[in-house]
Structure formats: structure tokens, C-alpha cells
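Structure first, commentary second.
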Amino acid sequence: MAQKKKISIKIAGAQGQGAGSGGQGLSKVFKRAGWHVFGVFDYMSLIKGGHSFYQITLSDEEIYANTEKFHLVVSFDPQNVEETIFDIRTLHENGLFIVDDSVPLKPEIEAAIKEVGAQLCPIPMVRLGTEIGGNKIMANTVALGAVVGLLGLSFEYLDAVVRENFKKKSVEIADKNSAVAKAGYEYGKDNFIKLFKFPMPPLNKAVTEKNMLINGNEAIAFGSYAAGCRFFSAYPMTPGTSVFEWFTKNNAKLGVVTKHVEDELAAVLMAIGASQVGARAMTSTSGGGFCLMVEGLGLAGMTEVPVVVVDAQRGGPSTGLPTRTEQSDLLFAINASHGEFPKIVLAPGTVEQCYEAGARAHNLAAKYQTPVIILTDLLMADHLKDSKPDSFKPVKVEHGKLLSKEDLDKLEEPYLRYKFTEDGVSPRALPGHPKAVYAPATDEHDESGHITEEIGNRIRMMDKRMKKLETAVQDIKGPEFYGPENADLTMIVWGSTLGAALEAVELFNRDENNKQKINLLHFSEVWPFPVKLTLEAWKKIKLPISIEQNYTSQFTRLLRSETGLDVKKRINKYSGRQITPEEIVYEVKKVLSEALVGV
């Protein structure tokens, strides 16, 4: 089978030069024109300066990860010699390097262009931006126009996106940017379209134009709202903030209460308080903020209050890498807070799974009256991907053992909030009914909620709470295979590494030079661990290899501790950048080669 037809574009520049907004705009253009899109913004934790870039991969087939090499690079800051040379070296041979024609290039940059066999495409970005738009800041809009022009797309797609982006400022500014984009479009089309020699994926507008362009955090927010979430308290922390931003931006329209609080402990406590009185509530943060939440998490565990926490992981410890990706909070999330109490941990691997995780988290939290943690990371949180609208299905809101007013009216015995039950889940009543008055104590308590240190009660109450894990595991999804059956090697992945692994499976298996086949096994729900389903799946695996974005192979350790299964071959990346399909294929080939030698 032939490889996917892909075109990859990188837009690079200093913070504040429009690489991020430009990349997002082009992603919209390409999706509307008829391509599947995957876009990621690689940015520094700075307001201005530094060096950032937006990567876009487009294809006629659905795509789940970016590539290592690019067909076209736009540079807004070639004065940053070291970073610009790095960008140039990511170009394919005959790739195009677009730069403003008024910027003199250093000899080292010219040498790098020659070294990779790229083609220099100087464009009068600043001049056209100044002459037509009246401001050199519009140079980036000129560049976007040139990219669309040399790819041979109709200008109408870019014009629509430019006007949407700038109409909030004024019609005049929107008109000027449209005119500037048109000038860049014509320049790119007239001067460089013949230089772009790579085969373009066929357009299929009917397939992609109705798709949603959405990132993981937005999908989690969307799913959470669909499942009834109506309260969100948070203290902003990258990359978890955009879940909160989605709710805040839409709160008046959707009837949601959002609170920007003073710190992360306040955020989780306020969410727990809202949930205690009946609102479906959540908060979002990253690893550092999650550290501050764990005392509150224990409170929710002891008082058996449902709450949802999104931990969008980034490089740590401490402040770490604020705008980079990592998968290093897994074991922390499972064991967060002192003492022992049940939690549920979900780890979605696609935008569509993020929507599902948002919805399931609230239903599971309500059903088992316990905290549910959604583990994502910067890549999963921020990347843009087009998704079919029917991927986001209506959600059935589940309330578990929530007693209604009618249930309480009929109650003849004293209400026991923490009643001992076979499944560990007690009947839950919201405050306000005269027959459901109780004390939600954070100390150990009896069935009515009154504090006690009696030994027998402690044992029974601990057994009751922890019984929820045994019950909840029946609701946990098992791992899912992707790729051909009877593969020679199976990659074991969890969370966001699914995307790169999916692309690696196709990249490897579509290469006619590879006589063996590979597939992958992905875990999207990791605690309580689905032991039985994992052991069943493992019977189909010949040679396992784990892929994780952390140093200590945390999921592999969890797998071994829960099932006894060990994975000897491990691929770990902890540089802060997402692992690529090409990196995975390279490592897989090494493992398969070693296995053949061993035979």
C-alpha cells in the first residue's frame, strides 16, 4: 500500500511575530479547502522574543501526528541564526525556505540552505505590508498569502479566515489585511508555484469542510458540558488553562458558573464545595498546580464527593518546562494525596477520546462518588485536528445513587450518608431536605458522618471506600489494538503517544521494504487498572515494546505491578518535545533487527 500523501509546513519566528496565530489560520484554510489537518504550536514560555514555530501537516487521509521533515518553512526571524539553521535542516530536499527579502541572510544560513538542497524564496513581506496595509506588522499576513498562493489554493479560503480573524477589530483592519494577504497570494503564485515540486494530496472538500477543528482541551470542555458540568473553578496554569478558558468564554451563553480563584488549592476546594451542593463541577491545571490540589483531593476522597480534575502534564519538576510536553504525572495521579482512597484516572489519546473522557469523567465521578482525574499533556491539550461532528455524540447524564426529593420523602429510617453497601457506593442526598441532614466530616466517621476513631468502624469504612475500585474496574475500558492482527511487534502506549504510534504503524507497514508487521495496544483508561482485559489482550502479543514520554517508564512499571507482565524493550523520550512517527519507526526497526539476531 502506498504511503499517505502529506505536505508539512513550518511557520517560525519570535514570540509575538504571529507564528502561532498564522499557523492556526492556515489550519482553518486547509481544512476548509478539503484536507485533513494536524497542527501543533511549539512555543517558549515568553511573551516576546525567543523562537517558536507552528507545524502543520495536511493530508487526504486522517492524520494524528506531525512529521520530522517539512516541505515548506516560513521564517519571520532569520536574524536568529542558530534556530533558523535548525529550521532549515528540517526541510526536505527541494523544500522551500520563505523569508522577507529585505533581511540580509548570514553566510551560515545560506550555507545551510545549500547543504539540504532547499530553495530560497525571498518575498517582500515588509514592503507589501507597509505599502498596502500601512503597517509592517502585516508582513506575516503577506507570508500566509504567499503560502496559499504557491500551493495553488483558491484565495477565497484565506480571505474568509482573515476577515473572520480581524472583523472584531474593525471592518477597515479586516479589509487591509485581506488586501495584504491577496498581494502575498499573487506574489507566491506568480513567482514560486513552479518551484514547489511535491505531489499535493487530493482535495476532498465534501469530507473535511463540515469537520470541526478542535484541540484536546476544548474537546474535554465540550464533553464535560455535554455531561452536565455547570461549575468550573481554576487558577490558570499552562497547558491546562484552555479548558477553563472554553467555559469562561461561553459561560453566559451556556449557563455555567466560572471562578478564577487565588490558587490551585482554592480551585479544587471550590469545585468540591459546588459538587457537595449538587453542581457537576471540575477544575483544570498542570502538574505543579496538581501538587497543590492533593490535600483537597483527599478531602473529596474522605467525604465521597464527586469532582473532576484535568491535569495537562508538562515537563517537571517544579516550574520545569511550562510549554513543553511530558507524561510524568501518571503514578503521582494514581497515588495523589496521603492515605488510601479510590480514584479513577483517564488518559485519552485523541481529540475524540478527550471529548469522551470529559463526559465519562463526570458520569463516573457521580456514579462512584469519588475524584476522577483526566491526564493529558501539552501536545494533547493544544494540538489542532479536524474531527467529524458525529464523533461528538450526545451524552446520557448518569447520576448514580443520587436520591431524589421523592426518594427522601418516602424515607422512614434515618438517612445514612455513608451507609455500608456491597458495592461500596452509598446513597447520596443533596443538602436541603429535612430527612437528609448529615455531617460530611473529613475525619474518619461512621455511617451518619459523625467522627469516630472506633477500630471496627475504621476497618469497615476503609473496606467500603476501597470496594469502589473493585466495582469501578468493571466500567473501565480495556486496551485497544490498532493495526494488523498477528503482528511481529506490538507497541504498548498510553495517552497522547497514540497519535505518533498510529502514524508509525502506517509508515512502517506501508513500506514494502519491511517484511514484518507491527501494531499497537493503547490504554486510554488506566486506573483502576483493567487487569483481566489486559491479560486477555496480551495473549495476542509476540514482542512488546513500550513507548512513553517520561524517564522512568511509569506505565510499564504500573503494568508490571498490576499484572506481572514486563516489557523489556522501552522507548523513552523526555526532551519536552513530542515523539515523532519517524523516531518510533527507527527504534522499532532496531528492536526487530536485534530480535532476528537473537533467533
Side-chain angles (χ1 to χ4, degrees), residues 220-233 243 247 254-257 267-284 293 296-311 333 341-346 348 354-375 393-408 415-419 421-433 436 438 440 449 464-477 525 527-528:
I220 288 172
F222 190 18
S224 295
Y225 177 76
C229 179
R230 297 296 182 268
F231 184 91
F232 202 120
S233 51
V243 189
F247 273 96
L254 300 179
V256 176
V257 175
V268 73
L269 290 176
M270 194 172 283
I272 292 167
S275 181
Q276 167 68 15
V277 297
R280 289 211 160 182
M282 68 185 299
T283 185
S284 65
M293 291 183 177
L297 211 64
L299 181 151
M302 178 61 91
T303 57
E304 303 188 44
V305 176
V307 67
V308 174
V309 180
V310 178
D311 175 8
F341 60 95
K343 310 175 198 72
I344 296 172
V345 181
L346 312 180
C354 282
Y355 172 81
E356 186 179 17
R360 278 178 59 75
H362 287 277
N363 281 340
L364 290 169
K367 184 173 182 178
Y368 296 105
Q369 301 171 21
T370 198
V372 177
I373 300 160
I374 304 175
L375 274 182
K393 301 183 185 302
V395 176
K396 180 182 178 182
V397 178
E398 300 174 11
H399 296 287
K401 294 186 179 181
L402 182 64
L403 299 175
S404 66
K405 178 182 181 299
E406 291 73 23
D407 293 329
L408 291 169
Y415 171 64
L416 299 176
R417 171 62 186 94
Y418 305 106
K419 184 178 181 179
T421 61
E422 288 188 10
D423 61 4
V425 182
S426 306
R428 182 181 177 221
L430 301 179
H433 196 286
Y438 69 96
K464 182 197 95 71
R465 287 192 293 264
M466 298 306 290
K467 181 71 175 179
K468 294 181 190 179
L469 282 179
E470 297 176 32
T471 310
V473 76
Q474 300 170 37
D475 273 334
I476 295 297
K477 290 186 175 184
E525 301 187 355
W527 193 259

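Below, each value reflects all heavy atoms present in this structure, side chains not excepted, and no hydrogens, waters or symmetry copies.
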- [ ] Output the distance between atom CZ (Arg360) and atom CG (Asp475), rounded to the nearest 0.5 Å.
- [x] 6.5 Å

Open item on the list: Determine whether a donor-acceptor pair (N or O, by modelled atom type, separation under 3.5 Å) exists between the side chain of Thr283 and the backbone of Ser233.
Closed with: yes

- [ ] Could you pull out the closest heavy-atom pair between Met302 and Tyr418, with the gap in Å?
- [x] O-CE2, 4.4 Å

TODO: State whether the side chain of Asn363 and the backbone N or O of Lys396 hold a donor-acceptor pair below 3.5 Å, judged by distance alone.
DONE: yes

Open item on the list: Working to the nearest 0.5 angstrom, can you tell me the gap between Met466 CE and Phe341 CZ?
Closed with: 9.0 Å

Task: Any residue meeting side chain to side chain contact (heavy atoms under 4.5 Å, CB included) with Ala226, in chain and number order, not counting sequence neighbours - done: Tyr355, Val395

Open item on the list: Please report the interatomic distance CZ(Phe247) to SG(Cys229), rounded to the nearest 0.5 Å.
Closed with: 4.0 Å

TODO: Return the minimal non-hydrogen interatomic distance between Val397 and Gly228, and the atom names on each side.
DONE: CG2-N, 4.4 Å

Open item on the list: Is there a side-chain contact between Ile220 and Val310 in this structure, where contact means two heavy atoms from C-beta onward sitting under 4.5 Å apart?
Closed with: yes

- [ ] Examine Arg230 relative to Tyr225 and say whether NZ or CZ is less than 6.0 Å from the centre of the six-membered ring and inside a 45° cone about the ring axis.
- [x] yes

Open item on the list: Tell me the closest heavy-atom pair linking Ile374 and Ala357, and the distance in Å.
Closed with: CD1-O, 3.7 Å

- [ ] Output yes when a side-chain donor or acceptor of Lys464 lies under 3.5 Å from a complementary backbone atom of Gly424, and no otherwise.
- [x] yes

TODO: Search all heavy atoms of Ala267 against all heavy atoms of Met293 and return the closest pair with its distance.
DONE: CB-CE, 4.3 Å

Task: Residue among Lys367, Lys467, Lys401 satisfying side-chain hydrogen bond (donor to acceptor under 3.5 Å, both in side chains) with Asp423 - done: Lys401

TODO: Identify the two heavy atoms, one from Ala472 and one from Ile344, that lie closest to each other, and give their separation to 0.1 Å.
DONE: CB-CD1, 4.2 Å

TODO: Check for a donor-acceptor pair, side chain of Thr370 on one end and backbone N or O of Pro342 on the other, with a separation under 3.5 Å.
DONE: yes

Task: Ser275 side chain vs Pro306 backbone, donor-acceptor pair below 3.5 Å - done: yes

Task: Backbone of Pro427 reached by a side-chain donor or acceptor of Tyr415 within 3.5 Å - done: yes

Open item on the list: Taking side-chain hydrogen bond (donor to acceptor under 3.5 Å, both in side chains) as the criterion, tell me which of Arg417, Lys468, Arg428, Arg465 meets it with Glu304.
Closed with: Lys468

Open item on the list: What verdict does the side-chain contact (heavy atoms from CB on, under 4.5 Å) test give for His433 and Leu403, after you've listed the backbone C-alpha separation in whole Å, the side-chain angles of each residue and the deciding distance to 0.1 Å?
Closed with: CA-CA 11 Å; His433 196 286; Leu403 299 175; over 6 Å; no

Open item on the list: Is there a side-chain contact (heavy atoms from CB on, under 4.5 Å) between Leu402 and Asp407? Walk through the geometry before answering.
Closed with: CA-CA 9 Å; Leu402 182 64; Asp407 293 329; over 6 Å; no

Open item on the list: Distance check, rounded to the nearest 0.5 Å: Tyr438 atom OH versus Thr303 atom OG1?
Closed with: 8.0 Å

Task: Least distance between heavy atoms, Ile476 atom then Trp527 atom - done: CD1-O, 4.0 Å

